[in-house]
Amino acid sequence: MKTPPNELVDPPVSGREVNRSLVSYRNAGDPDRTVLHLSIQPEGDRPLVVKQVRIKVIKRDPPPSTGEATVLGLLTAGCGGGVDEVQAHADLDGGGQYARAVLTGGTATLPWEITDGRTLEVKLTVSTKQCDCTWVPEIIWAKDGKVHTTQWLAEGVPFRTIPSASYQRSAWELKYEGEPGFKEDTWQPVPFDERLLD
């Protein structure tokens with residue numbers, strides 16, 4: 001997040017959740033890469049063809065300086081119709097307004113026709129090593145002979161990805177009420193695990 005290390009004293013949370021007024025794509029970004037799961041399902045009973053997924057780069061800025069940003073880790077306990085999956089990767093470090101999403105695997109490919117109430121899930125990994133990049137995925141799709149372009153926004157705003165190699169790391173783990181030694185939910189400082197960035 002774009003917060004100097006000396007200002008990040010407490011985790012930016014409200015209760016058990018990230019405080020979205022403090023950490024969102026409006027004022028922070030994902031370190032190194034952003035991974036999205038885009039679920040696409042047609043309305044009605046007419047088939048839909050997903051033709052292409054591309055990345056529209058809205059802005060490329062130099063990364064913040066070492067003293068202007070911190071890599072933040074928040075650890076919480078997780079929980080674990082047919083779905084077809086496309087896996088794709090896009091690199092933001094090239095030039096131009098668009099970054100091509102290259103297919104890397106999955107049970108489907110593009111173009112892909114969605115029929116019979118099925119869902120196409122696109123697992124999209126977007127990465128950078130050079131720029132503070134603001135971007136938005138665009139889905140090119142066709143239905144009933146007409147081609148459309150739909151942007152996929154986060155909380156109504158574009159996504160942001162920032163290379164993290166030079167920044168200080170800070171991490172907290174949520175200890176839940178009832179765990180041994182804890183009478184209420186408590187965020188405890190912990191060492192930053194670099195595997196969080198994988």
Side-chain angles (χ1 to χ4, degrees), residues 1-2 18 20 23-64 71-72 78-165 195-198:
M1 60 185 300
K2 197 169 181 180
V18 173
R20 293 298 177 188
V23 180
S24 74
Y25 286 106
R26 291 176 172 84
N27 57 15
D30 291 319
D32 303 326
R33 67 184 63 82
T34 301
V35 180
L36 302 179
H37 292 265
L38 314 179
S39 295
I40 307 168
Q41 188 175 47
E43 294 182 353
D45 57 4
R46 301 289 296 162
L48 178 153
V49 177
V50 179
K51 300 174 72 67
Q52 181 186 359
V53 177
R54 65 186 182 187
I55 305 302
K56 183 176 183 180
V57 181
I58 297 170
K59 185 168 56 172
R60 286 187 178 95
D61 289 330
V71 179
L72 173 67
C79 55
V83 176
D84 301 303
E85 183 182 76
V86 170
Q87 297 172 6
H89 174 263
D91 184 351
L92 295 169
D93 292 335
Q97 185 179 13
Y98 290 96
R100 188 166 63 97
V102 178
L103 300 186
T104 57
T107 59
T109 187
L110 295 181
W112 188 261
E113 183 176 79
I114 309 173
T115 59
D116 301 324
R118 295 183 69 84
T119 298
L120 178 66
E121 181 168 288
V122 180
K123 181 181 178 183
L124 178 63
T125 302
V126 181
S127 64
T128 178
K129 293 181 180 178
Q130 298 177 5
C131 68
D132 179 347
C133 290
T134 304
W135 55 275
V136 62
E138 292 187 340
I139 300 166
I140 315 299
W141 56 281
K143 188 174 182 180
D144 296 329
K146 296 182 179 179
V147 178
H148 309 267
T149 300
T150 299
Q151 292 189 342
W152 197 290
L153 298 172
E155 303 170 6
V157 298
F159 295 89
R160 186 177 176 193
T161 310
I162 306 169
S164 74
R195 289 175 295 181
L196 290 170
L197 302 181
D198 291 343

Smallest separation among heavy atoms of Val49 and Pro111, with atom names: CG1-CB, 4.0 Å
side-chain hydrogen bond (donor to acceptor under 3.5 Å, both in side chains) partner of Arg160, chosen from Asp30, Thr34, Asp132: Asp132
Flag side-chain contact, heavy atom, 4.5 Å: Pro42 against Trp141: no
Asp144 atom CG: more than 12 heavy-atom contacts under 6.0 Å: yes
Derivation and outcome, side chain to side chain contact (heavy atoms under 4.5 Å, CB included), residues Leu110 and Gln52: CA-CA 6 Å; Leu110 295 181; Gln52 181 186 359; 5.5 Å; no
Non-hydrogen atoms of Leu92 and Cys131 that approach each other most closely: O-SG, 4.2 Å
Expected output: side-chain Thr150 to main-chain Ile139 donor-acceptor under 3.5 Å: no
Student check: side-chain heavy atoms of Trp152 and Val53 closer than 4.5 Å: no
Intermediate values then yes/no, salt bridge (charged side-chain N to carboxylate O under 4.0 Å, His left out), Arg118 and Asp84: CA-CA 8 Å; Arg118 295 183 69 84; Asp84 301 303; 3.0 Å; yes
Minimal non-hydrogen separation, Gly94 against Arg60, with atom names: O-NH2, 2.7 Å
Heavy-atom neighbours of Glu43 CD exceed 12 at 6.0 Å: no
Other residues, nucleotides, ligands: >12 heavy atoms within 6.0 Å of Lys51 NZ: no
Least distance between heavy atoms, Thr119 atom then Ile114 atom: N-CG2, 4.3 Å
Minimal non-hydrogen separation, Leu153 against Pro158, with atom names: CD2-N, 4.1 Å
Donor-acceptor under 3.5 Å (Gln41 side chain, Gly117 main chain): yes
Nearest atoms (heavy-atom pairs only) where Trp135 meets Thr161: NE1-OG1, 2.9 Å
Partner set under side chain to side chain contact (heavy atoms under 4.5 Å, CB included) for Arg100, not counting sequence neighbours: Val102
